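Only a predicted model underlies this, so the values are computations on that prediction, with no experimental measurement involved. Atoms within a ligand are numbered from 1 in the order they appear, just like the ligands themselves.
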Amino acid sequence: MRSLSLPRRRTVLSAAAVATAGAALARPAAAAPALAAPAAGMPDDAVAAREVRDEFVHSWEGYKRAAWGYDEVRPVSGGRNDFFADGRTFGLSIVEALDTLWLMELDDEVALAADWIERELDPAQDADVQVFETIIRLVGGLVAGYLCTGRQPLLDRCRELADRLLPAFTRSPTGMPYRYVNLRTGAVSGNTSPLAEIGSNILEFGMLSQLTGRQKYWDAAKRAMRAVFDRRSALGLLGTSLNIETGRWTDTTSCAPNPPVDSYYEYLWAGAELFGDGELGDWYRLLTGSVLRYQLEHRGGYAWYKQVDYATGRTTGRGASELGSFYPGLLGKGGDMDAAVDYYNTWTMILDNNPVVPEAIDYGDATVRSARNDLRPEYVNSSFDLWMLTGDRQYKETAYGYFAGLREHLRVPGGYTVAEDVTAAPLRRGDLTPGYWFAENPKYLYLMFAAAPRFDYRSGLLSTEGKLMRGAVR
Ligand code: DMJ
């Protein structure tokens, strides 16, 4: 494991955080600090919006050139990647990009993408697909594409796909879905599943129920969420993963807000917001109260969420995943604004001390657990959420700093790529544009800067994959 004590121009934590790392005693919870200082040198909004759109187009053109019709592009080598199953393609990046293209008013590209989906996307392939990923990426992408364009075949394709995923839910004795389902045969597999995979379906399935008038999608998703909630401890905490056949925990660590539980919490709040489901809202409040009570700690002047045993609250780890940087946004939307600002500052500090954010750190001993950067959107997702809530320009400024870092370090002639090691000097790049890039990072940035006429800033709601679930202005 790489230690952070090595002298470098930039370290993964600030000097204050490193100095107190490993300290035996956590500091008492501090009052919410003011926002971190904004990055200097930000252009005005119109210029920033144009820059973001140009960069999105640059990566989209790279995908089209090298990998059109395939799931993902390898922008350095010009290769392709099958995301769901070897030898099968779902044109993932096209589905991911569809509503982003529409929001950016790139209408020729919207037509190209929608035509491809309607003609080529086969939801009945002989492939064991991961249910969670298929729902948040493909079902969500098709729902959003339909809401944006009104093209009926997109909804038809979406319904067929969802019907082929449903056996994962209906064949499970507990209602919590199997991890995999074969889209052609309906065979299910994978009986141990983490919370995010069990319970991040209700936005996509709920919207599909609303749009088709068929209740079964909503029912399946809600039943799975309830099954998780019912297994909380007396402290109001959840573990990490469950055997979906027996209903027993296979890992009793509460690791919120990190993966692989992150979006379960997000979908409680978002399900309550989008569908007015008070029960989901109550569950969100109860569980979030426990996370704040038993897992939030302050070290080095920064907020962190430690891992604890769900039954006893005993500390089991001090890891922080980049994926957890979505949590400030969720905390803010859920009404815990002080905690939201506090945790946003933590991630801004990490961003300020690195070329781009590393995938995972241990804040207890200030080491990097994973020096990768997977071109992830979570930090800027929080910037967007908190800016939407407050209108505070500092979120735009920190978001622009994030964007500038990506452009400086991860832009390549074929688009944008992941990094293998962000602590190496120079940073070592990898060779993949993940599908979610087309759905998330540029969309959050663009919506912040563009005053986009196709987005209703009062009601707009995006899924965990950045898909527009509400607020399309047609
Ligand atoms: C995306 O697929 C979604 O944001 C998901 O909820 C988890 N994270 C990835 C991108 O990092």
Side-chain angles (χ1 to χ4, degrees), residues 59 71-72 81 83-84 90 92-100 129-144 177 179 193-205 221 224-225 228 240-241 255-271 274 320-330 333 347 350-351 356-361 370 372-385 402 406 410 416-419 422 430 432-445 447 461-469:
S59 60
D71 284 337
E72 294 174 322
N81 183 50
F83 177 80
F84 292 98
F90 293 81
L92 172 64
S93 295
I94 300 174
V95 182
E96 297 266 33
L98 183 56
D99 67 332
T100 311
V129 298
Q130 201 173 340
V131 173
F132 159 74
E133 298 288 7
T134 311
I135 292 175
I136 65 169
R137 292 163 183 262
L138 295 182
V139 174
L142 293 170
V143 165
R179 285 192 82 197
S193 195
L195 302 194
E197 296 193 26
I198 296 169
S200 308
N201 316 300
I202 203 149
L203 298 193
E204 297 79 5
F205 272 15
M225 295 191 95
V228 171
T240 298
S241 51
C255 65
N258 294 294
V261 304
D262 39 4
S263 47
Y264 175 74
Y265 297 86
E266 182 182 359
Y267 271 34
L268 291 173
W269 177 84
L274 186 55
S321 162
E322 186 283 341
L323 283 115
S325 64
F326 85 101
Y327 202 47
L330 178 60
K333 290 184 291 191
W347 284 100
I350 296 172
L351 181 63
V356 290
V357 170
E359 189 74 358
I361 61 172
S370 167
R372 293 184 56 78
N373 177 290
D374 280 318
L375 210 50
R376 291 193 187 276
E378 283 76 14
Y379 173 79
V380 79
N381 189 348
S382 278
S383 317
F384 170 71
D385 286 341
Y402 161 92
L406 295 190
L410 301 181
Y416 272 73
T417 184
V418 299
V422 305
L432 182 70
T433 311
Y436 51 73
W437 161 267
F438 294 103
E440 298 199 63
N441 329 40
K443 184 186 287 150
Y444 302 130
L445 287 159
L447 291 177
L461 191 142
L462 304 174
S463 74
T464 192
E465 190 75 3
K467 308 296 187 195
L468 191 60
M469 295 284 113

Looking only at side-chain N and O atoms, does [Y] offer a donor or acceptor that is under 3.5 Å from a partner on [X]?
X    : Y    : answer
N441 : Y402 : yes
E204 : Y267 : yes
S59  : W437 : yes

Just jot down the ligand 1 atoms closer than 4.0 angstrom to any heavy atom of [X], in number order.
X    : result
L323 : 7 (C), 8 (N), 11 (O)
E440 : 1 (C), 3 (C), 4 (O)
P377 : 10 (C), 11 (O)

Exercise. State the CH2-CG distance between W269 and L461, to the nearest 0.5 angstrom.
Key: 5.5 Å
Exercise. Output the distance between atom CG (D374) and atom CG (L410), rounded to the nearest 0.5 Å.
Key: 10.0 Å
Exercise. Using distance alone, decide if ligand 1 has a nitrogen or oxygen within less than 3.5 Å of any nitrogen or oxygen in R376.
Key: yes
Quiz item: E378 to ligand 1: N or O pair under 3.5 Å?
Solution: yes
Quiz item: What residue among D71, V95, T134 forms side chain to side chain contact (heavy atoms under 4.5 Å, CB included) with F90?
Solution: D71
Self-check item: Identity and separation of the nearest protein heavy atom to atom 4 (O) of ligand 1
Solution: T464 O, 2.8 Å
Quiz prompt | R137, portion touching ligand 1 at heavy-atom distance under 4.0 Å | solution = side chain
Practice problem: Look at atom 2 (O) of ligand 1 and find which of E133, E465, K467 reaches it with the closest heavy atom. | Solution: E465
